[in-house]
**Q** 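I'd like to ask some things about the structure below.
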Amino acid sequence: MDDCIFCKIIKGEIPSKKIFEDDEFLAFHDVNPQAPLHFLVIPKRHIPNIMETAEADAGLLGRLLFRSQKIAAGLGFGEKGARFVINCKADGGQTVDHLHCHVLGGRSLQWPPG
Ligand code: DGP
């Protein structure tokens with residue numbers, strides 16, 4: 001999508017601090033971190049949000065979460081853990097309309113979120 005910030009990051013038109021990349025996903029540090037560790041994992045295919053996925057995307061969604069935990073574990077957060085979050089649309093607090101999984105770690109996070 002031409003006007004999508006995350007598609008521009010994938011294309012290298014907007015710089016990012018990349019952590020991981022393969023054919024299907026890109027992971028990079030969040031520009032506005034809410035924890036000592038805060039990165040995003042995004043599919044390279046433009047999917048606006050999790051509500052706009054279909055049965056055929058079930059594998060991609062599974063791999064998105066699996067990749068997120070593998071990266072977090074690889075960065076040393078396997079022992080203490082982290083939070084894996086997918087915001088969706090207005091009530092979910094989504095501000096960038098390209099599916100992404102937040103991974104936050106390095107501090108004790110509260111529940112419920114505000
Ligand atoms: P959400 O509210 O769930 O849609 O989260 C979007 C996140 O994306 C938010 O935490 C800030 C981050 N973000 C927005 N624009 C950029 C950008 O240009 N670069 C990076 N690295 N992160 C961005």
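Order of appearance sets the numbers: ligands from 1, and atoms from 1 within every ligand.
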**Q** Using a 4.0 Å heavy-atom cut-off, say whether I5 meets ligand 1 through its side chain, its backbone, both or neither.
**A**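 Contact part for I5 vs ligand 1: side chain (C-beta onward).
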**Q** What are the two closest heavy atoms between N49 and L99, and how far apart are they?
**A**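 It is C-CD1, 4.2 Å.
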**Q** Can you tell me which residue and heavy atom of the protein come closest to atom 8 (O) of ligand 1, and the distance to 0.1 Å?
**A**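 That would be F6 CZ, 3.4 Å.
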**Q** Please answer: with hydrophobic residues joined when any side-chain heavy atoms are less than 4.5 Å apart, are I50 and V85 in the same cluster?
**A**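 In one cluster: no.
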**Q** So, do P112 and Q110 sit near enough that their side-chain heavy atoms are less than 4.5 Å apart?
**A**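 They are not in contact (no side-chain heavy atoms under 4.5 Å apart), so the answer is no.
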**Q** Verify the ring-centre separation between H98 and H100: is it less than 6.0 angstrom?
**A**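 No, too far apart.
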**Q** Determine whether the side chain, the backbone, both or neither of H102 has a heavy atom under 4.0 Å from any heavy atom of ligand 1.
**A**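 H102 to ligand 1: side-chain contact only, backbone stays beyond 4.0 Å.
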**Q** Taking distance alone, with no angle check, do H29 and ligand 1 share an N/O pair under 3.5 Å?
**A**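 There is such a contact, yes.
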**Q** Answer with yes or no whether the hydrophobic clustering places L60 together with I86; edges join I, L, V, M, F, W, Y residues whose side-chain heavy atoms lie under 4.5 Å apart.
**A**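 Yes, it is one cluster - the side chains of L60 and I86 are joined through contacts under 4.5 Å.
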**Q** To check your reading of the model: name the closest protein heavy atom to atom 22 (N) of ligand 1, its residue, and the distance in Å.
**A**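 Of the protein heavy atoms, V31 N, 3.2 Å lies nearest.
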**Q** Nearest to atom 17 (C) of ligand 1 by heavy atom, I9, I14, V96: which?
**A**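 Looking at heavy atoms only, the winner is I9.
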**Q** Return the residue, atom name and 0.1 Å-rounded distance of the protein heavy atom closest to atom 10 (O) of ligand 1.
**A**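 Result: D30 OD2, 2.5 Å.
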**Q** At less than 4.0 angstrom from any non-hydrogen atom of F28, what atoms of ligand 1 do you find?
**A**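 Atoms satisfying the 4.0 Å criterion: 20 (C), 21 (N).
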**Q** Might you work through the salt bridge (Lys or Arg N to Asp or Glu O under 4.0 Å) test for K44 and E21, ending with a clear yes or no?
**A** CA-CA 9 Å; K44 289 190 170 176; E21 182 168 17; 2.8 Å; yes
**Q** Less than 4.0 Å is my threshold; does some heavy atom of Q34 fall inside it relative to ligand 1?
**A**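 Checking ligand 1 against Q34, which is what was asked, there is no heavy-atom contact under 4.0 Å.
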**Q** Using distance alone, determine whether N32 and ligand 1 share an N or O pair under 3.5 Å.
**A**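 No: no nitrogen or oxygen of N32 is under 3.5 Å from one in ligand 1.
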**Q** Mind checking whether S16 has an N or O less than 3.5 Å away from an N or O of ligand 1?
**A**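 In fact, backbone or side chain, S16 has no N or O that close.
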**Q** Considering heavy atoms of the protein only, find what lies nearest to atom 1 (P) of ligand 1 and give residue, atom and distance to 0.1 Å.
**A**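 For atom 1 (P) of ligand 1, the nearest protein heavy atom comes out as H100 NE2, 3.1 Å.
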**Q** What are the two closest non-hydrogen atoms of V103 and S68, and how far apart are they?
**A**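 Smallest interatomic distance, heavy atoms only, reads CG2-CB, 3.8 Å.
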**Q** Does the gap between the ring centers of F6 and F28 come in under 6.0 Å?
**A**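 Ring-ring flag for F6/F28: true, centres closer than 6.0 Å.
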**Q** Please state which protein non-hydrogen atom is closest to atom 4 (O) of ligand 1 and give its distance, to 0.1 Å?
**A**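 The protein heavy atom lying closest is T95 N, 2.7 Å.
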**Q** At under 4.0 Å between heavy atoms, which part of F39 makes contact with ligand 1: side chain, backbone, both or neither?
**A**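 Within the 4.0 Å criterion, F39 makes no contact with ligand 1.
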**Q** Starting from the C-alpha separation in whole Å, work towards a yes-or-no answer on salt bridge (Lys or Arg N to Asp or Glu O under 4.0 Å) for R45 and D57.
**A** CA-CA 11 Å; R45 174 156 68 92; D57 299 317; 2.5 Å; yes
**Q** Give a yes/no on ligand 1: does G93 have at least one heavy atom closer than 4.0 angstrom to it?
**A**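 The answer is yes: ligand 1 sits under 4.0 Å from a heavy atom of G93.
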**Q** Over 60° means perpendicular and under 30° means parallel, so tell me whether H29 and F39 are parallel, tilted or perpendicular.
**A**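 Geometry flag for F39 against H29: perpendicular rings.
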